[in-house]
Amino acid sequence: MKVPREYDLILQGATGFTGRMAADELAKHAPPFFRWAIAGRSEERLKPIAEKHGVPFLVADASDPEAMSHLAARTKAVISCAGPFAVFGTPLVDACVEQATHYADLTGELPWMQKLINKHHEHCAERGITLIPASGFDSVPTDLCVHDFLRELNEKGLADGETAPPISGFYFVRGGFNGGTLHSGIALAEAGHSLKPAEMKTGRVPSLKRWFAPFLMAPVNEAIVQRTHQLENRMASYREFMLCKSRGEAVFLNTALKVISSLMGSRFGRFLFKRFGPKPGEGPSLEKIEAGFANLTLLAGPLESPALTQSYAWSGDPSNLITTRCLVQTGLALAADEAQRGGVLTPASALGDKLFQRLKNIDAVRTI
Ligand SMILES: NC(=O)c1ccc[n+]([C@@H]2O[C@H](COP(=O)([O-])OP(=O)(O)OC[C@H]3O[C@@H](n4cnc5c(N)ncnc54)[C@H](OP(=O)(O)O)[C@@H]3O)[C@@H](O)[C@H]2O)c1
């Protein structure tokens, strides 16, 4: 980037549930003399957040390409919490590409990510512009943990750099649910996309003495890991599930997920979610956010006798604390020009060990 920019980082969508928390995280972790600002569509909602942190605010509607272009031209990097991204996100991404500004967001909307790859990957790869969609709970923890696990497998001689045994991931999570996430799911379903994990089954993990059920985030996390493998020229498969204490719990979760995905697929079901579910801007209580966690156990090879097992503990509620820690550290890394390359990338292929180290440094994750 040749022309000096006014800001190192702008946080777009700072007035939403995750946006407000991301602003708190940025205020906590921005290095000395770091120049950051917040942005959103409402001056009234931006002002108190800007005053709380003593930073400037920019009023810019996400649906206005010109406003997005001015925003992108003023900063080295942007992080965005203004979703659903398939609805509000495209003008900002286009503006970042046009202005050679690095970008990361919280999308889990795979069809939209595919559109970004088709439209921008080649150009960004040539120009060294780094775009990292899926920089929240989906899919930073999975992508970085699998990346770390593959390094361990290589160091122990259990993989040869390019090929590795199949990897299975099992999440044990506690946390709440945001209105913003629900409405992103509804927008996806309304556009005709299924939210069902590929494998709707339960089973046993003998080596962990536990059961597994399908995991709602698995389709996104598996696709992101798959893209990292492609970008890094690796041959490795990855499957992800929810870890359960008993067979009964696994069967219950499997049934609940089937009911939720078929309700999401019907107009009446979506009406019920809109009517009775959390609204945009709403999220869990602070107590629930702080008591939340996500433990991921990775196994290489057969479930009954894995060649290697490793567990990672992420602290905080996945939808909010883990998500905003991941997004903010990604933004700080992009602003510090830590990305290894340009393109529409994944967290591990863009920032890899550097991002993992940043998250370890703030105690967001530890190996157990
Ligand atoms: N990857 C993950 O793990 C993860 C976790 C949590 C959330 N998410 C995703 O992150 C997104 C935000 O979630 P949330 O819970 O924070 O939702 P939210 O509370 O509804 O926040 C949405 C934000 O988008 C802003 N926005 C909407 N339309 C806009 C426009 N035209 N111009 C500018 N800003 C606009 C809203 O501004 P106003 O305040 O003015 O309405 C608000 O700041 C959702 O898409 C959700 O699915 C992902």
Side-chain angles (χ1 to χ4, degrees), residues 10-25 38-50 57-68 70-71 78-93 95 104-110 112-113 132-144 171 173 175-189 195 215-221 223-224 273-274 277-284 289 292 294 314 316-328 330 346-347 364:
I10 291 179
L11 165 63
Q12 163 72 337
T15 53
F17 199 85
T18 52
R20 294 191 299 271
M21 194 164 274
D24 290 344
E25 275 295 307
I38 59 169
R41 62 178 162 180
S42 156
E43 176 168 353
E44 196 191 337
R45 283 196 287 275
L46 283 165
K47 224 172 179 179
I49 304 166
F57 67 88
L58 318 173
V59 180
D61 194 297
S63 58
D64 176 354
E66 209 175 311
M68 291 301 99
H70 286 308
L71 186 156
V78 173
I79 50 175
S80 178
C81 298
F85 293 88
V87 181
F88 304 126
T90 307
L92 177 55
V93 176
D105 69 29
L106 293 182
T107 190
E109 297 144 78
L110 285 174
W112 186 67
M113 281 187 247
I132 321 178
S135 287
F137 177 62
D138 40 323
S139 297
V140 173
T142 294
D143 200 29
L144 292 184
Y171 264 111
V173 295
F177 200 65
N178 293 14
T181 306
L182 175 65
H183 284 261
S184 292
I186 290 172
L188 263 179
L195 306 180
F215 182 44
L216 190 60
M217 300 301 168
V220 181
N221 289 339
I224 293 293
F273 283 122
K274 281 184 195 165
K279 306 284 175 283
E282 293 178 1
I289 288 171
W314 293 80
D317 145 77
S319 288
N320 294 290
L321 208 44
I322 298 178
T323 285
T324 50
R325 283 172 172 162
C326 290
L327 181 69
V328 164
T330 299
T346 57

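Keep in mind that this is a model prediction, so the values were computed, not measured. Counting starts at 1 for both ligands and their atoms, following the listed order.
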dist Leu321:CG -> Phe137:CZ (nearest 0.5 Å) comes out at 12.5 Å
Ligand 1 to Phe85, heavy atom cutoff 4.0 Å, flagged ligand atoms 10 (O), 11 (C), 45 (O)
Can any side-chain N or O of Thr142 pair as donor or acceptor with the backbone N or O of Ser139 at less than 3.5 Å? no
Within 4.0 Å of some non-hydrogen atom of Pro280, the atoms of ligand 1 are 20 (O)
For atom 18 (P) of ligand 1, the closest protein heavy atom turns out to be Gly281 N, 3.5 Å
* Asked: At the 4.0 Å heavy-atom cut-off, does Pro84 count as touching ligand 1?
  -> yes
Judged by non-hydrogen atoms, does Gly179 sit under 4.0 Å from ligand 1?
-> no
Counting from 1 in the order shown, the ligand 1 atoms closer than 4.0 Å to a non-hydrogen atom of Cys81 are 11 (C), 12 (C), 22 (C), 23 (C), 24 (O)
For this session: Test side chain to side chain contact (heavy atoms under 4.5 Å, CB included) on Val328 and Ile79 and set out the steps.
Result: CA-CA 8 Å; Val328 164; Ile79 50 175; 4.3 Å; yes
Heavy-atom nearest pair, Leu110 first then Pro219, reads CD1-O, 3.7 Å
**Prompt:** Heavy-atom distance under 4.5 Å between the side chains of Ile10 and Ile38, does that happen here?
**Reply:** no
Are any of the N/O atoms in Glu282 less than 3.5 Å from those in ligand 1? no
Original post:
Just by distance, with hydrogens left out, do Asn221 and Asp143 show a side-chain donor and acceptor under 3.5 Å apart?
Top reply: no
Original post:
Less than 4.5 Å apart, any side-chain heavy atom of Val78 and any of Leu71?
Top reply: yes
Polar atom proximity, Gly13 to ligand 1 (N or O, under 3.5 Å):
yes
Requested in this report: Taking the side chain as every heavy atom from C-beta outward, state whether Phe57 and Lys47 have any atom pair closer than 4.5 Å.
Outcome: yes
Polar atom proximity, Asp61 to ligand 1 (N or O, under 3.5 Å) | yes
Per-atom filter on ligand 1: closer than 4.0 angstrom to a heavy atom of Asn178 are 15 (O)
One finds that the ligand 1 atoms under 4.0 Å from a non-hydrogen atom of Phe137 are 1 (N), 2 (C), 3 (O)
**Asked** Does the N or O separation between Glu109 and ligand 1 drop below 3.5 Å for any pair?
**Response** no
For this session: Using a 4.5 Å cut-off on heavy atoms from C-beta on, say whether the side chain of Asn178 contacts that of His183.
Result: no
Only one of Thr107, Asp138, Ile224 passes side-chain contact (heavy atoms from CB on, under 4.5 Å) with Pro133, and that residue is Thr107
Exercise. Gly283 near ligand 1, heavy-atom distance under 4.0 Å?
Worked result: no
Under 4.0 Å between heavy atoms, the region of Arg45 that gets near ligand 1 turns out to be side chain
Would a 4.5 Å heavy-atom cut-off, applied to side chains only, mark Cys326 and Pro141 as touching?
yes
Numbered in order shown, the ligand 1 atoms found under 4.0 Å of a heavy atom of Ala62 are 30 (C), 31 (N), 32 (N), 33 (C)
Ranked by distance from atom 35 (C) of ligand 1, the top protein heavy atom is Arg41 NE, 3.9 Å
For Lys274, the side-chain hydrogen bond (donor to acceptor under 3.5 Å, both in side chains) test, sequence neighbours excluded, returns Glu190
Mind checking whether Ile49 and Arg20 have side chains closer than 4.5 Å, heavy atoms only?
yes
Among Thr324, Ile38, Leu106, the residue with a heavy atom nearest to atom 4 (C) of ligand 1 is Leu106
The reported gap from CD in Gln12 to CZ in Phe88 (rounded to nearest 0.5 angstrom) is 10.5 Å
Nearest non-hydrogen contact to atom 7 (C) of ligand 1 from the set Thr181, Val87, Ile322 belongs to Thr181
Among non-hydrogen protein atoms, atom 19 (O) of ligand 1 lies closest to Phe17 N, 2.8 Å
When rounded to the nearest 0.5 Å, the distance separating SG of Cys81 from CG of Asp105 is 9.0 Å
Min N/O separation Phe88 to ligand 1 under 3.5 Å: no
For atom 17 (O) of ligand 1, the closest protein heavy atom turns out to be Gly180 CA, 3.3 Å
If we number the atoms of ligand 1 from 1 as shown, the ones under 4.0 Å from a heavy atom of Ser184 are 44 (C), 45 (O), 46 (C), 47 (O)
for atom 16 (O) of ligand 1, nearest protein heavy atom and its distance come out as Thr18 OG1, 2.6 Å
among protein heavy atoms, the one nearest atom 25 (C) of ligand 1 is Ala82 CB, 3.9 Å
Keeping the roles fixed (side chain from Ser42, backbone from Arg45), state whether a donor-acceptor pair exists under 3.5 Å. yes
heavy-atom search around atom 36 (C) of ligand 1 in the protein gives Thr15 OG1, 4.1 Å
heavy-atom search around atom 2 (C) of ligand 1 in the protein gives Asp138 OD1, 3.0 Å
Numbered in order shown, the ligand 1 atoms found under 4.0 Å of a heavy atom of Ser319 are 5 (C), 6 (C)
